[in-house]
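Data first, discussion second: the structure below is written as C-alpha cells.
Proteins get letters first, then strands, A, B, ... in listed order; numbering begins at 1 in each.
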There are 2 protein chains.
Amino acid sequence: MNLKNQVEWALHCCAVMCSLPDGRFLSTKALSEFHGVPKEYLSKALQSLSRAGLVETTPGAAGGYRLARSPAAVSFLDIVEAVEGRKSTFLCANIRANNPCRPRGHCDDGPCPIARVMWQADEAWRRSLASVSLHDLSGELARTVPGDVLARSQNWLLDRAG
Amino acid sequence: MNLKNQVEWALHCCAVMCSLPDGRFLSTKALSEFHGVPKEYLSKALQSLSRAGLVETTPGAAGGYRLARSPAAVSFLDIVEAVEGRKSTFLCANIRANNPCRPRGHCDDGPCPIARVMWQADEAWRRSLASVSLHDLSGELARTVPGDVLARSQNWLLDRAG
DNA sequence: GGAACCCTACTCGGATACGGCGTGTCCGAGTGGCTTCGG
DNA sequence: CCGAAGCCACTCGGACACGCCGTATCCGAGTAGGGTTCC
C-alpha cells in the first residue's frame with residue numbers, strides 16, 4: 001500500500017514547471033539532474049503526465065515539457081492519478097457471495113457494505129488531493145523557500161532547457 | 001497502490017464476529033470455509049488482528065477468535081492498519097535536497113510542502129475509516145441482508161466453532 | 001467411578017515457493033533545430 | 001551568399017532485467033478439550 005516514487009517525482013517536476021516562462025520547455029535531462037533521479041526512469045513519469053494531458057511536449061532538440069494548463073487548473077489528484085491510475089485502492093472480490101448459507105442469486109446486485117465504506121474513504125482521499133492545485137503549491141513554496149534559491153533554481157533549469 | 005486482499009478478508013471476518021455470543025470462538029477453518037478463502041493464508045490476516053489486539057484467541061480444540069472489544073470500539077481504520085501497517089501511503093524521499101542550487105544545510109528541516117499535502121490526504125483517508133465502527137457495519141448489514149440469511153449464517157458458523 | 005493418559009483439533013510462528021509489479025536500464029524510431037557543405 | 005543535406009539532442013515507446021513484496025502453502029511447536037484406558 002505505497003504510492004510509487006514516480007508520484008513524488010512527477011509532483012516535483014510539475015512544481016518547477018509552474019514558473020516556466022511562455023514558450024520555454026524543460027527537458028527530461030534537466031529535470032532529472034535537478035532532482036537527482038535517473039533520467040530514463042523519470043521519463044516514464046513524464047510520459048504518464050503527457051498521456052493524461054497535463055503537460056505538453058515538443059520533440060526534437062530544445063524540446064521538453066511544459067504544463068498544458070494553468071497551474072490553478074491542475075490539482076494534486078490529477079497528477080497522482082496520471083501516474084498511479086484511476087482505480088480504487090480497495091478491490092472488492094465480493095467474497096460474501098461465497099457464503100454457503102446465501103440463497104442463489106442473492107446479494108449479487110448492489111455493492112458490498114464493506115466495500116462501500118472503503119470506497120468512501122477513497123473518495124475522501126481523492127477530495128483532499130483535488131482541493132490543492134499547483135497554484136496553491138507555488139504560493140506555499142514562494143512563502144517558505146528563500147527567493148534567491150528559487151531564482152537560481154529557475155535559471156539553472158532554463159540554462160539547460162530550450 | 002492496492003490494499004492487500006487480506007484487508008477485505010479481515011473486515012469480513014470481523015463483521016461475522018460481531019454477533020458472536022459470549023464465550024464462543026470462531027475457528028480459522030470455519031471462517032475460511034464460510035468466506036471461501038484459503039485457510040492457511042487467512043490465518044495470517046487473523047494473526048495480524050491478534051497482534052494488534054483487536055481479537056482474542058484461544059488455543060487448543062474448540063479454539064478460535066473473537067473480538068477483544070465491543071464492536072462499537074473497533075473502527076475500520078483499526079482493522080485496515082492492523083493488516084496493512086500504520087505507515088503513510090506517501091513516502092517522501094526528500095528529493096528537493098538534491099537541488100544543485102540549494103545551499104548546504106538548507107531545507108533539511110521541516111517537511112517538504114509536497115509531502116505535507118500528500119500526508120493531509122492520507123489523514124483524510126484515515127479519518128474517514130476511523131469514523132465507521134463495526135457496530136455501524138452491523139447495523140447496515142441488519143438493514144440490507146434478509147434476517148433469515150443472517151440467522152442461518154450465524155448457526156452455520158457456530159456449528160463449526162467452539 | 002474416578003483419575004491419568006493419549007489423541008485430536010486448533011493457534012501461532014517460521015520457512016519456503018511463486019508470480020506480479022515497481023524499479024531501473026537500454027535501444028530504436030521519429031522529429032526539430034543547428035551546423036556544415038555545395039552550388 | 002544562400003539553400004540543402006547531415007548531425008545532434010530530445011521525445012516517445014517498447015523490450016528487458018532485477019528485486020521486493022503480496023500471495024499461497026507447508027510444517028513444527030505448543031496448548032486445551034474430549035475420549036479412552038487403567039486402577
Protein-to-nucleotide contact annotation, 5' to 3' order, nucleotides 8-24 of chain C [B base; S sugar-phosphate only; - none; under 4.0 Å, heavy atom]: -BBSBBBB-------BB
Between the protein and nucleotides 3-5 of chain C, list the N/O to N/O atom pairs that are separated by less than 3.5 angstrom.
none

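When only modelled atom types and interatomic distance are considered, A/Q154 and A/S19 share a side-chain donor-acceptor pair under 3.5 Å. Checked by atom type, the side-chain pair B/R96/B/N94 shows a donor-acceptor distance below 3.5 Å.
Each of A/L54, A/V74, A/L49 was evaluated against A/C14; a single residue qualifies, A/L49, per the side-chain contact (heavy atoms from CB on, under 4.5 Å) test.
A donor-acceptor pair is defined here as one N or O able to donate and one able to accept, closer than 3.5 Å; such a pair exists between the side chain of B/D78 and the backbone of B/S75. In this structure, the side chain of B/S43 does not engage the main chain of B/K39 through any donor-acceptor pair within 3.5 Å. No donor-acceptor pair under 3.5 Å is formed between the side chain of B/R66 and the backbone N or O of B/E56.
Cation-pi contact between A/R160 and A/W156: present, with separation from the ring centre below 6.0 Å and deviation from the ring axis of at most 45°.
Between B/E123 and B/R126 no salt bridge is recorded (no basic side-chain N to carboxylate O distance below 4.0 Å).
When the C1' atom of D/dG22 is taken as reference, atom CG of B/L42 falls 15 Å away, rounded to whole Å.
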